[in-house]
Amino acid sequence: MNRKLTVSTALLLTLAPLLWAANAIVGRVVRAAVPPMTLNLLRWSLALLILLPLGRALLRGGSGLWTDWRRYSLLGLLGVGLYNALQYLALQTSTPINVTLVAAGMPVWMMLTGALFFKAPLRRGHLLGAALSIAGVLLVLARGQWQLLLQLQLVVGDLFMVLATICWSFYSWLLAQPKDRPALRADWAAFLLAQVIYGVMWSGALASIEWARAPQHIDWSWQVAAVLAFIAIGPAVIAFRCWGAGVQRAGPTIAAFFSNLTPLFAAVLSLLFLGEAPHLYHLGAFALIAAGIAWSSRA
C-alpha cells in the first residue's frame, strides 16, 4: 500500500513522533508518582472526555460502534490499551533514549507484519530506506561517536518496548484496512472515539490487575496534573489523529519510517531540557532519516 507522499502528509506524520517523543520524556518524569497502567488509564479517560463532544455522531444508531465491536475492540486493545501501557511500563526501568532506540526497529516490524499477515510486497527500496533511517537513529544516540553504542545497556523495559512496537505494527496495518463504514471513517473524531471507548475498557482491565497484584498509590501534584493534561491532548488525541490520517494517505510502510523521527526528537528535547545546544550530528541524523523516508516512498 504505497501512495504519493505529499507535504501535508509528511507534516502529519512528523507531528505525531514529535508529540510521542515528548510523551516518553514526561512519562519518565512521573514514573514514580503514577503506576504505568494507571497512567495509561487516566490519560485515555481524559482523552475520552475530550473526544465525546467532538465525535458525538458515533453515539447515534447505525454508527457501527457495537455491530463492528470486534474491529474497534482490537484496535483499542493494540493502539490504546497495550502500546501505551507497555511504553509506560518500559519507562519504569528504561530511559527515553533506550526506549526510542528499541522503537527504531518500527520500519522492520512494519514491513514484516505487512508481508506475513497482510500480503504486502517487501521491496528492496523499503529495506534500504529502513537501513538509512535506523543509521540516523543510531547516529544521534551515539552522539556522533559510534563507539558509544557499545556502552548502551538493555534492561527488561526494552523488552516491553519491543512488544509495544509489534503491537503498533499490527495496529497500523489494521488501521489502513478499508473495513469501516464510510460515514464513520470520514469523521476522524468519531473514528478515534470508537477505538478509545474500547481502549479505555482494556486499560481499565490492565489497571485493575496492576492494583490487584500489589498496593499502588498516586502522588498527586500540579506536575502530575499538567502531565496528564498534556499526554491526553497532545500524544493521545492530536498525535493519533495525525497518525491515523497519515497512515490512511501514505500507507503503514511509509508511515513507519517517520516513527524513527521519535528518537531524534526525544534526544533534542532532552538536550533542551538540560540546556544544551544541538550538535552537528543531529543534522546528520535528520538527513539520514529523511533520506530513508524519501527512498522508501519511491519504492
Side-chain angles (χ1 to χ4, degrees), residues 1-24 47 51 54-55 72 75-76 78-80 83-84 87 100 103-111 113-114 118 120 123 125-126 129-130 132-134 136-137 164-180 182 184-196 199 231 233-266 286 289-299:
M1 184 183 298
N2 263 356
R3 305 186 182 100
K4 184 178 180 180
L5 183 63
T6 63
V7 174
S8 61
T9 302
L11 289 175
L12 288 171
L13 292 172
T14 299
L15 181 58
L18 175 60
L19 291 169
W20 288 331
N23 179 58
L51 287 169
L54 299 175
Y72 299 116
L75 287 172
L78 294 172
V80 175
Y83 176 75
N84 295 277
Q87 183 184 46
T100 51
M106 178 69 75
V108 176
W109 288 112
M110 197 76 78
M111 286 187 291
T113 301
F118 296 91
R123 297 185 172 90
H126 292 160
L132 288 171
S133 186
I134 292 175
V137 173
T165 303
I166 295 173
C167 287
W168 190 256
S169 299
F170 277 97
Y171 169 78
S172 295
W173 275 105
L174 288 170
L175 198 66
Q177 303 305 301
K179 295 184 178 181
D180 306 290
L184 178 58
R185 195 58 185 254
D187 188 338
W188 74 268
F191 181 59
L192 181 55
L193 180 59
Q195 303 170 51
V196 173
I231 62 178
I233 297 171
V237 176
I238 296 177
F240 269 65
R241 159 57 176 160
C242 293
W243 184 261
V247 167
Q248 192 173 8
R249 293 183 187 184
T253 302
I254 301 302
F257 288 93
F258 282 85
S259 68
N260 272 0
L261 290 171
T262 305
L264 177 63
F265 289 145
F286 180 79
I289 294 173
I293 293 171
W295 192 278
S296 61
S297 66
R298 296 176 181 176

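Judged as a side-chain hydrogen bond (donor to acceptor under 3.5 Å, both in side chains), and not counting sequence neighbours, the contacts of Asn23 are Gln87, Tyr88. The side-chain contact (heavy atoms from CB on, under 4.5 Å) search around Ile233 returns Ile50, Ile238, not counting sequence neighbours. The side-chain hydrogen bond (donor to acceptor under 3.5 Å, both in side chains) test applied to Asp180 returns Arg71, Tyr72, Arg185, not counting sequence neighbours. With sequence neighbours excluded, the residues forming a side-chain contact (heavy atoms from CB on, under 4.5 Å) with Ala245 are Leu12, Arg241, listed by chain and number. With sequence neighbours left out, Trp20 forms a side-chain hydrogen bond (donor to acceptor under 3.5 Å, both in side chains) with no residue at all. The side-chain contact (heavy atoms from CB on, under 4.5 Å) test applied to Ala21 returns Thr262, Phe265, Ala266, Leu269, not counting sequence neighbours. Residues satisfying the side-chain hydrogen bond (donor to acceptor under 3.5 Å, both in side chains) test with Ser8, not counting sequence neighbours, are Thr6, Arg249. Under the ring-ring contact (aromatic ring centres under 6.0 Å, His included) criterion, Phe191 pairs with no residue at all, not counting sequence neighbours.
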Problem set entry | Step-by-step side chain to side chain contact (heavy atoms under 4.5 Å, CB included) determination, Leu51 to Leu192 | CA-CA 8 Å; Leu51 287 169; Leu192 181 55; 3.8 Å; yes
- [ ] Please assess Met111 against Thr253 for the test side chain to side chain contact (heavy atoms under 4.5 Å, CB included), listing each intermediate value before the final yes or no.
- [x] CA-CA 6 Å; Met111 286 187 291; Thr253 302; 4.0 Å; yes
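Remark: of the listed residues Trp188, Trp168, Tyr83, Trp168 is the sole one forming a ring-ring contact (aromatic ring centres under 6.0 Å, His included) with Phe240.
Leu261 has its side chain within reach of Thr14: a pair of non-hydrogen atoms, C-beta onward, lies under 4.5 Å apart.
Residues Trp243 and Ser172 have side chains that bring a donor and an acceptor to within less than 3.5 angstrom of each other.
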